[in-house]
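Below is one structure; the comments refer to it alone.
Both backbone and side-chain heavy atoms feed into the values below; hydrogens, waters and symmetry mates do not. These figures come from a predicted structure and were not determined experimentally. Atoms within each ligand, like the ligands themselves, are counted from 1 in listed order.
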Amino acid sequence: MTTTRLQRARQKLHVSAVPDSLPCRENEFAEIASHLKAAIRDRCGNCIYISGVPGTGKTATVREVIRDLTKQAKFKKLPTFRFIEINGMKLTEPAQAYAVLYEFMTGHKATSKHAAELLEQQFRLPPTSPEPCVVLMDELDLLVTRKQTIMYNFFEWPNRPHSHLIVVAIANTMDLPERMLTNKVSSRLGLTRINFQPYNHHQLYQIVESRLKGTGAFDNDAIELCARKVSAVSGDARRALDICRRAVEVVEGMVAQKQTTSHQVTMAIIDTVVKEMTSSGSVVFIRHASMHQKLFLVALRNQLQKAGLPETTFNEVTHHHLQLCRLHNLLPPTLSALAAICTALGASRCILAEASRYDIHQKLRLNVSEGDLATALKTDPFFRAMVA
Ligand code: ATP
Ligand code: MG
């Protein structure tokens, strides 16, 4: 009986478990829902740009809104609409976004290039289907390309009188449109913007507590400690849930090995888990990072070693990154892709980036130890020699 208490807690804490509600995001929920409802009702296009650092509930909130609106449509309180989710992380290359949207809208397959042309034609003409189409473009940071045509098209098509296209774009970077498009273009596109602030410790407490409600597996001060530890570095709900889940596993392990008879997660357990996870968290992140994110970290480390200084600039690192690409025969990323890489590494806290400026003179520091960097990259055959 006591074991099920821990098991139930583990299930409720699982990242893929859909929570019954999203506490602390009521305002964002209402705002997104009202924009989407208006656009669906009036059959007009709209483009909503949502930004916020990782784990602030952006994806969860939009999905929750869509679930709610789908229910309303089912009960005839709202016109029916179609919904598709395109995730930048799941595409093999950014332009594949066109092929995915085209296939969803028409049921036909096309190459990315052809799909882009066909969609462009289609959005000039009156729509073939009366239903508006809501497109969630998640992880937009990963869809930036040198010419920015993808972001431009997906933001511009909703403005066409006949497109009936509603785009909800989610990115980590607040000013991606300004950075990637000219100011003139980004202001003409008239995006509706919503920024998700990082959670503070009160909110993280509420989020974890509401998931665990009724399980009785956690001491209140254990949840409080977890919320405070997380909010001190990031305000990331995913991290708070990860810590609590790991804590449940630790207690389960101790019970199995008869090291304890208590089936309760205490402050001491949370403390141990946080220590364990902070030393290995960055290693795990780097292992799962993209090729160029890893290379950027190596370029940063090399620059710092060479200069013998604690910090260097974005310019210096990108210069060296491109040198490494030539050396290893890799296709060099564009400057904007490098800026996105730098932002992603900054958001993950693997690097510390000067917050007040986003140009080539932005100052960068490595925020992981050389040991962690080496441990993470040693398992990748391409990088092994670079960190040996
Ligand atoms: P990323 O930028 O990394 O994609 P995100 O902002 O999309 O992050 P989500 O995936 O929405 O973050 O949230 C991360 C996890 O935290 C999910 O498991 C989600 O269910 C949970 N979560 C986030 N906010 C809340 C909340 N307010 N209440 C309950 N759970 C939440
Ligand atoms: Mg997300």
With a 4.5 Å limit on heavy-atom distance, are the side chains of Gln197 and Gln203 in contact?
-> no
Given Arg238, Gln203, Arg63, His14, which one has a non-hydrogen atom that is nearest to atom 15 (C) of ligand 1?
-> Arg238
Is Asn172 touching ligand 1 with its side chain, its backbone, both, or neither, if touching means heavy atoms under 4.0 Å apart?
-> side chain
Going by distance alone, is a donor N or O of one side chain under 3.5 Å from an acceptor N or O of the other, for Thr260 and Ser262?
-> no
Are Arg63 and Glu85 close enough for a salt bridge, meaning some N to O gap below 4.0 Å?
-> yes
Determine whether Ile48 and Leu36 make a side-chain contact, defined as any pair of heavy atoms from C-beta on separated by less than 4.5 Å.
-> yes
Determine the interplanar angle of the Phe155 and Tyr49 rings, folded into 0 to 90°, and report it as parallel if under 30°, tilted if 30 to 60°, perpendicular if over 60°.
-> perpendicular
Contact atoms of ligand 1, heavy-atom distance to Pro54 under 4.0 Å = 1 (P), 2 (O), 3 (O), 8 (O)
Any N or O of Gly55 closer than 3.5 Å to N or O of ligand 1 = yes
May I ask you to check if ligand 1 and Gly57 share an N or O to N or O distance below 3.5 Å?
-> yes
Residue Glu139 vicinity, atoms of ligand 1 by number, heavy atom under 4.0 Å | 4 (O)
Does Thr61 reach ligand 1 with a nitrogen or oxygen that is under 3.5 Å from one of the ligand's nitrogen or oxygen atoms?
-> no
So, Arg43 versus His164: side-chain donor-acceptor pair below 3.5 Å or not?
-> no
Starting at CD of Glu156, measure out to SG of Cys47 and round the result to the nearest 0.5 Å.
-> 10.5 Å
Quick one: does Tyr199 get a heavy atom under 4.0 Å from ligand 1?
-> yes
Could you check which of Ser348, Ala60, Cys24 puts a non-hydrogen atom nearest to atom 11 (O) of ligand 1?
-> Ala60
Any idea which of Arg239, Lys58, Arg211, Arg25 brings a heavy atom closest to atom 30 (N) of ligand 1?
-> Arg211
Ligand 1 contact on Pro23 by region, counting heavy-atom pairs under 4.0 Å = both
Is the shortest N/O to N/O distance between Asp138 and ligand 1 below 3.5 Å?
-> no
Numbering as shown, the atoms of ligand 1 that approach Leu22 to under 4.0 Å (heavy-atom distance) | 25 (C), 26 (C), 27 (N), 28 (N), 29 (C), 30 (N), 31 (C)
Any N or O on Ser21 sitting closer than 3.5 Å to an N or O of ligand 1?
-> no
According to the interplanar angle, ranging from 0 to 90°, do the rings of His292 and His321 count as parallel (below 30°), tilted (30 to 60°) or perpendicular (above 60°)?
-> parallel
Scanning both residues in full, the closest heavy-atom pair of Lys294 with Phe383 reads CB-CZ, 3.4 Å
Is there a donor-acceptor contact under 3.5 Å linking the side chains of Glu31 and Asn27?
-> no
Identity of the nearest option to atom 29 (C) of ligand 1, non-hydrogen atoms only, from Ile207, Asp141, Asp236 = Ile207
